[in-house]
Amino acid sequence: IQCQRCVRYYRDFAGGHDLNAFRLRDVVYFGRFEDGVLENEFAGNLVEICPTGVFTDATLKRHYTRKWDLQMAPSICVHCAAGCNTSIGERYGSLRRVVNRYNHEVNGYFLCDRGRFGYEFVNSEQRIEECMLNGSPVEATEAALHLEALVETGNCIGIGSPRASLESNFALRQLVGPGNFYAGVGEAEWAVTLRALELLRNGPAKSPSLDEIEHSDAVFILGEDVTNVLPLMALRLRQAARQQPIEKANRARIPLWLDHAVRELLQDEKGPFFVAAPGATKLDDVATELYRAAPDDLARLGFAVAEAINSGAADDLPGRIAVALRSAQSPLVVSGTSCRTMAVVEAAAQVASALTTEGRPAKLAYCFAECNSVGLALLGARPLAEAFSANAETVIVLENDLYRRAPTSEVDAFLHSARHVAVLDHLTTPTTAKAELIFPAGTFAETDGTLVNYEGRAQRFFQAFVPSREIRASWRWLSRQDAHLDDMVSAIASEIPALAGIEHAAPSRKESGKIAREPGRYSGRTSMLANISVHEPKPPDDPDSALAFSMERSEERRVGKECRSRW
């Protein structure tokens, strides 16, 4: 087999350099020139790209299961704010595999390695699997009653999380009241996040999808290491660097699907691509020009570019960037919250605004830190610093480790001042170690919910399997036990105008027949539980979605539609 599909993808598309095809007489070897792991952030896609199975998923190999024996569900990656669509597979109560689920406007055909291989925390030995009260296991009913009693005493606050679903954050907000709901995000990051969201909602520039980013023909990155924050955006930006030179192929009448001929014509030619960041980034190799500076100086460069767009100056770096952006048909400005500097995101918005004024409608993409940073901001949470000074008697922490959000001394003083601390989380953390009451929260593979990505696209994820023991979705612990996902979604849509569109992120469970999670060849249903009973049990019911925990299906409809939040 000498198709070289792996090398063409890895080197030409993903920008990797440490995989190649080597030949000795009549033998071809695909690999690295020296021992070591593949360095590119998108190497895991070789598993799906290779038509022969030479590349295999090492995480799946440790607990191998045939793909027709995996119980699957559509999901959303939780490792960054890109919102990549995935399909997750379970067997014997553990998550075994994550593969790409095609979405033209988001991740297309690819996933980053973080999203593909970063699921092992679901099967971690550090999982919290039962309710704990003062260090001892308790029944779920007793724990729920204890939490209810703490809330009824009053003076209770809740701290949300940018990695928890909209439903879980909203349930906590409803439990403690909107005025007592705080964002579990560091003060500087939260302020910049709110400002960036305000600029997107009120500014003239559109927040683009990942597909629109790929088709931009001039790029200006200001103050952000995109590969580190949103890897799939970085992969799309790498393709954007080819958009302007591709016009040569169109003029030569070379069809774009004939990739080898197009690359032979273009060679190493790149379009205008400017990177201004505090340090080196993985996109530097496709940049037209680089600029290294402190955050405040980066902001000054951004404002200078906006001024040059308005004035027509072209004799220095801001002028050259301005000319390239002004000459493009689809210019793109990328920034984000990594610098923790308000002026940087404002400068990026100023550049996009100047381009729009000059008749070149620009797109403005902000990189947010976590999978639901935008969703949490749209819920109107108050800053974390205000929670530290609230003198609350009871604190409820949702899927968050506060020691990663603020200095240790401040968190210690805050938790020590509260008489009662309740935590809902998947894994043990320094915050759970300080808690009086602990609830086992379900992960993305064990629950249903909605996330809002960097562009404001609300997307639904669905549970692949029923968790063992007392693990439940956080929103179930915090709301009525008989509540359904549709009820939570409707409540959010009616109370938060900016999130009214989330009802259209996926069909209601009442609007569709059941869709099988298990493929037709799924086997071993009886033997899986033979140590308990040789009789095949009834599959568990899913009251929250149109998916069935079996091979049987009724009317089949498409699930996983997405919508944009109504900013």
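We use all heavy atoms of the structure for the numbers below, so side chains are in, but hydrogens, waters and symmetry mates are not.
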side-chain contact (heavy atoms from CB on, under 4.5 Å) evaluation trace for Glu139 with Cys131: CA-CA 7 Å; Glu139 294 294 329; Cys131 298; over 6 Å; no
Within the distance-only criterion (no hydrogens, no angle test), does the side chain of [X] pair as donor or acceptor with the backbone N or O of [Y] below 3.5 angstrom?
X      : Y      : result
Asn100 : Thr86  : no
Trp475 : Ser165 : no
His484 : Asp544 : no
Thr341 : Cys339 : yes

Heavy-atom pair with the smallest gap, counting every atom of Val411 and Leu402: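 That closest heavy-atom pairing would be CG2-O, 3.5 Å.
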Val351 versus Val333, closest heavy-atom pair with distance: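 Residues Val351 and Val333, closest heavy atoms: CG1-CG2, 3.8 Å.
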So, [X] and [Y]: side-chain donor and acceptor under 3.5 Å apart, yes or no?
X      : Y      : value
Asp412 : Tyr403 : yes
Ser94  : Arg96  : yes
Arg382 : Asn180 : no
Thr281 : Asp284 : yes
Gln71  : Glu90  : yes

Check against salt bridge (charged side-chain N to carboxylate O under 4.0 Å, His left out), Arg114 and Glu41: CA-CA 8 Å; Arg114 192 189 308 173; Glu41 292 80 4; over 6 Å; no
[X]/[Y] ion pair, N-O < 4.0 Å:
X      : Y      : answer
Arg116 : Asp57  : no
Arg300 : Asp297 : yes
Glu495 : Arg173 : yes
Arg127 : Glu129 : no
Arg163 : Asp425 : yes
Arg195 : Glu198 : yes
Glu212 : Lys206 : yes
Arg517 : Asp542 : yes

Side chains of [X] and [Y], heavy atoms from C-beta outward: is any pair under 4.5 Å?
X      : Y      : answer
Ile88  : Leu95  : yes
Glu105 : Asn103 : yes
Ser216 : Lys363 : yes
Ile221 : Tyr291 : no

Geometric class of the Phe121/His79 ring pair [parallel <30°, tilted 30-60°, perpendicular >60°]: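 If you compare the ring of His79 with that of Phe121, the planes turn out perpendicular.
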Distance, nearest 0.5 Å, that separates CD1 of Ile157 from CD of Glu393: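 CD of Glu393 is found 11.5 Å from CD1 of Ile157.
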Donor-acceptor pairs are to be reported for all side-chain atoms of residues 142-156 against protein atoms at under 3.5 Å, with residues two or more places apart or in another chain.
| residue | atom | partner | partner atom | Å |
| --- | --- | --- | --- | --- |
| His146 | NE2 | Glu436 | OE2 | 2.8 |
| Thr153 | OG1 | Leu150 | O | 2.5 |
| Asn155 | ND2 | Asn391 | O | 3.2 |

When the side chains of residues 364-373 are checked against the rest of the protein, which donor-acceptor pairs come out under 3.5 Å, sequence neighbours left out?
| residue | atom | partner | partner atom | Å |
| --- | --- | --- | --- | --- |
| Tyr366 | OH | Val345 | O | 2.6 |
| Glu370 | OE1 | Arg405 | NH2 | 3.3 |
| Glu370 | OE2 | Arg405 | NH1 | 2.6 |
| Glu370 | OE2 | Arg405 | NH2 | 3.1 |
| Asn372 | OD1 | Val452 | N | 3.0 |
| Asn372 | ND2 | Ala164 | O | 2.9 |
| Ser373 | OG | Glu370 | N | 3.0 |
| Ser373 | OG | Glu370 | O | 3.3 |

